[in-house]
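Beneath this line is the structure, given in structure tokens, with notes to follow.
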Number of protein chains: 2
Amino acid sequence: MTVTQHAVPELEETTDHCASAERPHPRPDGQDRYTISEVAAHTGLSVHTLRWYERIGLMPHIDRSHTGQRRYRNTDLEWLTFVNKLRLTGMAVADMVRYADLVRQGDHTYPERRALLAATRQGVLRRIGELHDALTVLDFKIALYSDAPKAQERH
Amino acid sequence: MTVTQHAVPELEETTDHCASAERPHPRPDGQDRYTISEVAAHTGLSVHTLRWYERIGLMPHIDRSHTGQRRYRNTDLEWLTFVNKLRLTGMAVADMVRYADLVRQGDHTYPERRALLAATRQGVLRRIGELHDALTVLDFKIALYSDAPKAQERH
DNA sequence: GGCTTGCCTGGAGTGCACTCCAACTCTTTA
DNA sequence: TAAAGAGTTGGAGTGCACTCCAGGCAAGCC
């Protein structure tokens, strides 16, 4: 449960200027120039986190508008979706940066990328095992508390 | 932490220096007076963490030797084993402290303990789902890197 | 022109879960 | 008797992954 949370997706500006940016969902290639807050709404990451990801090298180069504002593309959205999956696996951010580096370096890094993902996969399997294990204990305890509310036991 | 030691001079010295501290495994009740480093070896937690757990109220009262050193019992080992399981579920330490509190308060807290564990259980199930999800993506990517080492794709 | 909104930056701050430190006591071994 | 080794404490430090802040810029609206 330590996966962090952030804000609610809530409906932001249903009040005034309704015809404005009310679309966290992808647009077809060619019209895909999302502001940072659109991307935040779409990915569930905060704008802080998006900028931080860029700073630490977890993002490819992001286009800018003529005033210097970020304009994300569909490929950036896809990358972030994948990053989110990696995050869910519990992969350390440093490892994700390493992976992003490998992607930047080109196709000859396929084996190393594959190895990185395979190691992550192993970790996920181990974690699932641990969780199943913990689940058994939880079920046992819960049954104790449910079935014998007056029984004598310790914790 | 001003509880200090009282009573319980008992037979502690029988287990102190007889066998060198090379026994991370439980002994029968009655001879169960483990030093902190024995408990660390048994549980996989560091001695720092064991003392910290005590400070924050995650442990019941731990007996002391006549010189003020901790002497853990089998029940303490069992509790730590359970705590480790809760840790594996991803439960926050603050919640574990809350649970420990409920245990201290007595049997009338059964319903709340049960609720806490049930919520944790839900979290574990959700987490397992996420991990399975991530596994699918990982397998897809790994297959890409394995089967088509020269294929044209992005990340 | 003034106000609001959204975005920009580098750097500082936060919360969690440890992890370590200095200075001490006590016991055992050389 | 001296040194080593394991334990004690309160408090400070660490690493991670964000999260926020101050100060500023650009655009839209009344």
Side-chain angles (χ1 to χ4, degrees), chain A residues 1-7 12-13 15-22 33-41 43-59 62-72 80 83-84 86-98, chain B residues 1-5 12-23 33-41 43-59 62-72 80 83-84 86-98:
Chain A
M1 263 132 289
T2 40
V3 201
T4 73
Q5 75 327 340
H6 26 65
E12 39 221 39
E13 305 301 337
T15 56
D16 294 6
H17 38 65
C18 40
S20 58
E22 254 314 324
R33 324 219 81 221
Y34 310 99
T35 65
I36 196 166
S37 54
E38 282 175 319
V39 176
T43 60
L45 298 164
S46 73
V47 296
H48 302 294
T49 301
L50 287 170
R51 287 197 272 252
W52 178 64
Y53 277 4
E54 204 174 323
R55 260 193 280 187
I56 63 175
L58 188 48
M59 296 298 295
I62 303 293
D63 285 354
R64 297 295 176 118
S65 73
H66 71 104
T67 56
Q69 299 191 355
R70 290 170 181 80
R71 289 295 177 264
Y72 294 78
L80 281 168
V83 163
N84 261 339
L86 291 185
R87 214 166 52 111
L88 283 181
T89 68
M91 187 188 255
V93 168
D95 287 339
M96 295 195 252
V97 170
R98 171 90 189 116
Chain B
M1 300 299 133
T2 46
V3 200
T4 66
Q5 78 326 359
E12 55 209 24
E13 302 309 334
T14 56
T15 51
D16 262 9
H17 37 68
C18 45
S20 61
E22 256 317 321
R23 215 148 27 135
R33 326 220 80 223
Y34 310 100
T35 65
I36 196 166
S37 54
E38 282 175 317
V39 176
T43 59
L45 298 164
S46 72
V47 295
H48 301 294
T49 301
L50 287 170
R51 287 196 271 252
W52 179 64
Y53 276 4
E54 205 174 322
R55 259 194 281 185
I56 64 174
L58 188 48
M59 296 297 296
I62 303 293
D63 284 355
R64 297 295 177 119
S65 74
H66 71 104
T67 57
Q69 299 191 354
R70 290 171 182 80
R71 290 294 178 264
Y72 293 79
L80 281 168
V83 163
N84 261 339
L86 291 185
R87 214 165 53 111
L88 283 181
T89 68
M91 187 188 255
V93 169
D95 287 340
M96 295 195 252
V97 170
R98 170 91 190 115

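Letters go in sequence order (proteins before strands), and every chain restarts at 1. Just so you know, these numbers come straight off a predicted model, no measurement behind them.
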For this session: Find out whether A/Ile62 and A/Arg71 are in side-chain contact, i.e. whether some heavy atom of one side chain is under 4.5 Å from a heavy atom of the other.
Result: no
For this session: Could you check how far CG of B/Leu88 sits from C1' of C/dA17, rounded to whole Å?
Result: 15 Å
For this session: In sequence, state the C-alpha distance, the side-chain angles, and the governing distance for B/Arg51 and B/Ile36, and then conclude on side chain to side chain contact (heavy atoms under 4.5 Å, CB included).
Result: CA-CA 9 Å; B/Arg51 287 196 271 252; B/Ile36 196 166; 3.4 Å; yes
For this session: Please work out if A/Arg51 contacts a base, only the sugar-phosphate, or nothing of the nucleic acid, heavy-atom cut-off 4.0 Å.
Result: base
For this session: Determine the contact category for A/Arg71: base if any of its heavy atoms lies under 4.0 Å from a base atom, sugar-phosphate if only primed atoms, P, OP1 or OP2 are that close, otherwise nothing.
Result: nothing
Exercise. Residues two or more places apart in sequence or in another chain: which of them pass salt bridge (Lys or Arg N to Asp or Glu O under 4.0 Å) with B/Arg87?
Worked result: none
Exercise. Of the nucleotides C/dC18, C/dT9, D/dA17, which one has an atom closest to the side chain of B/Thr49?
Worked result: C/dC18
Seminar exercise, completed: Between CG of A/Leu50 and P of C/dG6 the distance, given in whole Å, is 16 Å
For this session: Nearest whole angstrom, please: distance from the P of D/dG7 to the CD1 of B/Ile62.
Result: 15 Å
Exercise. For D/dC18, does OP1 or OP2 lie under 4.0 Å from any side-chain N or O of A/Arg87?
Worked result: yes
Problem set entry | Distance in angstrom units between B/Tyr72 OH and D/dG7 P, rounded | 10 Å
Exercise. Is the backbone of A/Tyr72 close enough, under 3.5 Å, to the side chain of A/Asp63 for a donor and an acceptor to pair up by distance?
Worked result: no
Exercise. What is the distance, rounded to the nearest whole Å, between atom CD of A/Gln69 and atom P of D/dA27?
Worked result: 9 Å
Problem set entry | Donor-acceptor pair, side chain of A/Thr49 and main chain of A/Leu45, under 3.5 angstrom | no
Exercise. For B/Thr35 and D/dG7, is the shortest distance between a side-chain N/O and OP1 or OP2 below 4.0 Å?
Worked result: yes
Problem set entry | Set of side chain to side chain contact (heavy atoms under 4.5 Å, CB included) partners for A/Arg55, sequence neighbours left out | none
For this session: Indicate yes or no: at least one non-hydrogen side-chain atom of B/Arg64 is less than 4.5 angstrom from one of B/Arg70.
Result: yes
Problem set entry | Side chain of B/Arg64 (C-beta onward), nearest among D/dT8, C/dC7, C/dT9 | D/dT8
Exercise. Over how many whole Å does the gap from A/Trp52 atom CH2 to C/dT9 atom P extend?
Worked result: 16 Å
Problem set entry | Under 4.0 angstrom between B/His66 side-chain N/O and C/dT27 OP1 or OP2 | yes
For this session: Round to a whole Å and report the spacing from NE2 of A/His48 to P of C/dT9.
Result: 13 Å
Between the protein and nucleotides 11-13 of chain C, list the N/O to N/O atom pairs that are separated by less than 3.5 angstrom.
residue : atom : partner : partner atom : Å
C/dG11  : N7   : A/Arg55 : NH1          : 3.0
C/dG11  : O6   : A/Arg55 : NH2          : 3.0

Exercise. Any side-chain N or O of A/Ser37 under 4.0 Å from OP1/OP2 of C/dC7?
Worked result: yes
Seminar exercise, completed: Taken to the nearest whole Å, CD/B/Glu54 to C1'/D/dG10 is 14 Å
For this session: Tell me whether the OP1 or OP2 atom of C/dC18 has a side-chain N or O from B/Tyr53 closer than 4.0 Å.
Result: yes
